[in-house]
Amino acid sequence: MVVLLKKNPDPNQVDNLVAWLRGQNLQVHMSEGTTQTIMGLIGDTTSIDIDLLKALDIVEDVKRIQEPYKNANRKFHPADTVIEVGGVKIGGGNFAIAAGPCSVESEEQICLVAGLVKASGAKLLRGGAFKPRTSPYAFQGMREEGIRLLLEAKEKTGLPIVTEIMDLSHLPLFENVDVIQVGARNMQNFELLKALGHTDKPILLKRGLSSTIQELLMSAEYIMAGGNERVMLCERGIRTFETATRNTLDLSCIPVLKSLTHLPVIIDPSHATGVAKLVPPMAMAAVAAGADGLIIEVHNDPPHAACDGQQSLTPQAFDELVQGIEKLRPYAYRY
């Protein structure tokens, strides 16, 4: 349920209303915009008399929300959420690119790529320490050592780091990680999502291979219900019958998500297409459609990458892409 308050409501009356609602075993989520204050009520609201609420002097209107996701719902929070990571803002008109190799391979490699992508305009460094691979014989990442090397690259470049968590037991290792990425295969690992809800770190939540938009929002709700509202949604391609690309990049999710939620929307054209030459056009299309950011794989030597070299851009190709994005950004769709 959403309670819209009148402009400049009496603070004492607001406090009394909040106290009464909490006495009904409801959580009260306050969202104060420039022109409207909204109270989002979470819990069993079936016993609440809407007509009684509407009769209060400070109440403009009351609406029931039918969607199962409450915290992530734009009706609860009309203004775009802006997430700040190490001085970098994402969402609400703020755009950022996270770039780096699919996996951390060595100190020399990650520090070199970090410096190059920063020089080109990347605001965050991405890199896999723990790698989920289809084959048990494929490179699984450097694990704890990979995180240590990412932190070393951060110290040298100042770039906040984004890396994927694979298992709840690994959470203590992510204490100094700036953004925790939840991969597509873990999007519905609900115990992990619950635990991340009790952290204060930004979460980059990737859409599952065969997940609907509502399922993605419900996974975000798991995190937000725990108290962590710093969630970014990431489209990385969904599995369809098409085989020309690794996955099918669902760019229509950008306007759909923008209408449903206040959370930032990030696009991953690297995993979506699986082909390096397809990454720039899809990245540009995502920018034009109004995405809040991109996460792109960049490797200094793609042919010899430990994994996913075929979809990784060279530093030069990434630099050219960023220049194109800067020219396109003023014309991006605004919601």
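This is a predicted model, so every value here is computed, not measured. Values below: every heavy atom of this structure, side chains too, minus hydrogens, waters and symmetry copies.
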Do other residues, nucleotides or ligands put more than 12 heavy atoms under 6.0 Å from [X] [atom1]?
| X | atom1 | value |
| --- | --- | --- |
| Lys123 | NZ | no |
| Tyr333 | OH | no |
| Lys89 | NZ | no |
| Lys6 | NZ | yes |
| Gln316 | CD | no |
| Glu155 | CD | no |
| Asp49 | CG | yes |

_Using every non-hydrogen atom in the two residues, find where Ala122 and Leu159 come nearest and quote the distance to one decimal._
O-CD2, 3.5 Å

_Go through it in stages, so that I can follow the logic: the residues are Asp200 and Arg230, the test is salt bridge (charged side-chain N to carboxylate O under 4.0 Å, His left out), and I'd like the CA-CA distance, side-chain angles, deciding distance and then a yes or no._
CA-CA 8 Å; Asp200 61 354; Arg230 305 174 74 192; 5.6 Å; no

Spacing of [X] atom [atom1] and [Y] atom [atom2] [to the nearest 0.5 Å]:
| X | Y | atom1 | atom2 | answer |
| --- | --- | --- | --- | --- |
| Gln66 | Asn73 | CD | CG | 10.5 Å |
| Asn300 | Cys111 | CG | SG | 11.5 Å |
| Lys201 | Asn176 | NZ | CG | 6.5 Å |

*How far apart are the C-alpha atoms of His170 and Glu144, what are their side-chain angles, what is the distance that settles it, and do they pass the side-chain hydrogen bond (donor to acceptor under 3.5 Å, both in side chains) test?*
CA-CA 9 Å; His170 299 158; Glu144 297 96 327; over 6 Å; no

*Hey, any chance Ile295 and Val298 share a hydrophobic cluster, counting ILVMFWY side chains that come within less than 4.5 Å of each other, even indirectly?*
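Shared cluster, no.
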
*Would you say Val179 and Ile203 are hydrophobically clustered, going by side-chain heavy atoms of ILVMFWY under 4.5 Å?*
no

*Any donor-acceptor N or O pair under 3.5 Å, side chains Glu229, His77*: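 Not at all, the side chains of Glu229 and His77 share no donor-acceptor pair under 3.5 Å.
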
*Donor-acceptor pair between Arg126 and Thr163 side chains, under 3.5 angstrom*: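 No.
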
*Measure the shortest side-chain to side-chain distance between Leu278 and Pro269 over non-hydrogen atoms and say whether it is less than 4.5 angstrom.*
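Contact flag for Leu278/Pro269 side chains = no.
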
_Through direct or indirect side-chain contacts below 4.5 angstrom among Ile, Leu, Val, Met, Phe, Trp and Tyr, which residues connect to Phe241?_
none

*Would Glu107 and Lys156 count as a salt bridge (charged side-chain N to carboxylate O under 4.0 Å, His left out) if you check the C-alpha gap in whole Å, the side-chain angles of each, and the deciding distance to 0.1 Å?*
CA-CA 11 Å; Glu107 177 182 349; Lys156 291 183 177 180; 3.8 Å; yes

_Intermediate values then yes/no, salt bridge (charged side-chain N to carboxylate O under 4.0 Å, His left out), Asp308 and Lys131_ = CA-CA 11 Å; Asp308 289 345; Lys131 294 302 301 178; 5.1 Å; no

*Take Val322 and Val117 through the side-chain contact (heavy atoms from CB on, under 4.5 Å) test and state the conclusion after the steps.*
CA-CA 10 Å; Val322 174; Val117 298; over 6 Å; no

_Val279, Leu116, Ile97 screened by side chain to side chain contact (heavy atoms under 4.5 Å, CB included) with Phe318, the one that passes_ = Ile97

*Option among Thr261, Ile38, Ile65 that satisfies the side chain to side chain contact (heavy atoms under 4.5 Å, CB included) test with Phe76*: Ile65

*Gln311 side chain to Glu297 backbone, donor-acceptor under 3.5 Å*: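 It does not hold such a pair.
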
*Is there a donor-acceptor pair closer than 3.5 Å between any side-chain N or O of Arg74 and the backbone N or O of Pro78?*
yes

*Go through the steps for Leu196 and Leu205 under the test side-chain contact (heavy atoms from CB on, under 4.5 Å), then give the verdict.*
CA-CA 11 Å; Leu196 294 176; Leu205 178 64; over 6 Å; no

*Testing Lys206, Arg207, Gln181 for side-chain hydrogen bond (donor to acceptor under 3.5 Å, both in side chains) with Asp268, which one passes?*
Lys206

_Using side-chain hydrogen bond (donor to acceptor under 3.5 Å, both in side chains), reason through Arg64 and Thr45 one step at a time and then give a plain yes or no._
CA-CA 9 Å; Arg64 288 196 182 276; Thr45 60; 3.0 Å; yes

*asked:* Tell me whether Arg148 is salt-bridged to Glu145, with the criterion being a basic N under 4.0 Å from an acidic carboxylate O.
replied: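 Between Glu145 and Arg148 there is a salt bridge, with a charged N closer than 4.0 Å to a carboxylate O.
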
*Kindly determine whether Asp292 and Phe95 satisfy side-chain contact (heavy atoms from CB on, under 4.5 Å), including the steps that lead there.*
CA-CA 5 Å; Asp292 296 297; Phe95 181 86; 5.6 Å; no

